[in-house]
Chemist: 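Shown below is the structure under consideration.
Note that the structure is a prediction, hence the values are computed from the model and not measured.
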Amino acid sequence: MMKQAIYLSTYIPDVNGNYIFSEAEEVLYYPLSYFGNAKPVIAYTNVIVFIAYRKNTTDGLYQKTKWNVASNWVWDTEGTIPNTTLYSNSKHCRKWWRGIFSLAKTHWA
């Protein structure tokens, strides 16, 4: 099966305030037949990157989280966002993100 990738790119500001490309990484893959429909939502702090997205037309929403642990960024495994369905949208991510953000503040603040 052919697959499509979602990339996460990082840019850093230079001394003149211009943003310079720093790095890019493949975050996840989804079927090519779903191209244009994944529409990820990305939220981040200095200790967490949270990405929510739809992989197909039948499941609920999925998430992938990257944690800053001792100055090393580490990806967690991909998982479903509980209590989401094929009718869920980005608004359903808010409660889930708040829980993860609270956890990050508690453990890495």
Chemist: Just verifying a value: how many Å separate Leu61 CG and Thr85 OG1, rounded to the nearest 0.5 Å?
Modeler: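 It comes to 8.0 Å.
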
Chemist: Closest heavy-atom contact between Val49 and Trp73?
Modeler: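 Closest heavy-atom pair between Val49 and Trp73: CG2-CZ3, 3.9 Å.
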
Chemist: If I compare all heavy atoms of Phe50 with all of Ala52, which pair ends up nearest, and what's the gap?
Modeler: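 That closest heavy-atom pairing would be CE2-CB, 4.0 Å.
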
Chemist: Considering residues at least two apart in sequence or located in another chain, which fulfil the side chain to side chain contact (heavy atoms under 4.5 Å, CB included) criterion with Thr57?
Modeler: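 If we apply the side chain to side chain contact (heavy atoms under 4.5 Å, CB included) test to Thr57, skipping adjacent residues, the hits are Tyr34.
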
Chemist: Quick one: side chain to side chain contact (heavy atoms under 4.5 Å, CB included) partners of Leu86, sequence neighbours excluded?
Modeler: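 Counting only residues at least two positions away or on another chain, Leu86 forms no side chain to side chain contact (heavy atoms under 4.5 Å, CB included).
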
Chemist: Can you run down the salt bridge (Lys or Arg N to Asp or Glu O under 4.0 Å) pairs that involve residues 42-52, sequence neighbours left out, and say none if there aren't any?
Modeler: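 Non-adjacent pairs meeting salt bridge (Lys or Arg N to Asp or Glu O under 4.0 Å): zero.
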
Chemist: Can you run down the side-chain hydrogen bond (donor to acceptor under 3.5 Å, both in side chains) pairs that involve residues 6-25, sequence neighbours left out, and say none if there aren't any?
Modeler: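 Found Tyr7-Glu26, Glu25-Lys66, Glu25-Trp75.
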
Chemist: Could you measure the distance from the OG1 atom of Thr80 to the CG atom of Asp59? Nearest 0.5 Å is fine.
Modeler: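 So the gap between those two atoms works out to 8.5 Å.
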
Chemist: What pairs meet the salt bridge (Lys or Arg N to Asp or Glu O under 4.0 Å) rule with one or both residues in residues 67-80, with sequence neighbours excluded?
Modeler: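 Qualifying pairs: Lys55-Glu78.
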
Chemist: So do Tyr62 and Leu28 actually touch side chain to side chain, heavy atoms under 4.5 Å?
Modeler: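 Of all side-chain heavy-atom pairs linking Tyr62 with Leu28, none is under 4.5 Å.
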
Chemist: Under the side-chain contact (heavy atoms from CB on, under 4.5 Å) rule, what do Ile51 and Val27 come out as? Steps first, then yes or no, please.
Modeler: CA-CA 9 Å; Ile51 303 173; Val27 176; 3.6 Å; yes

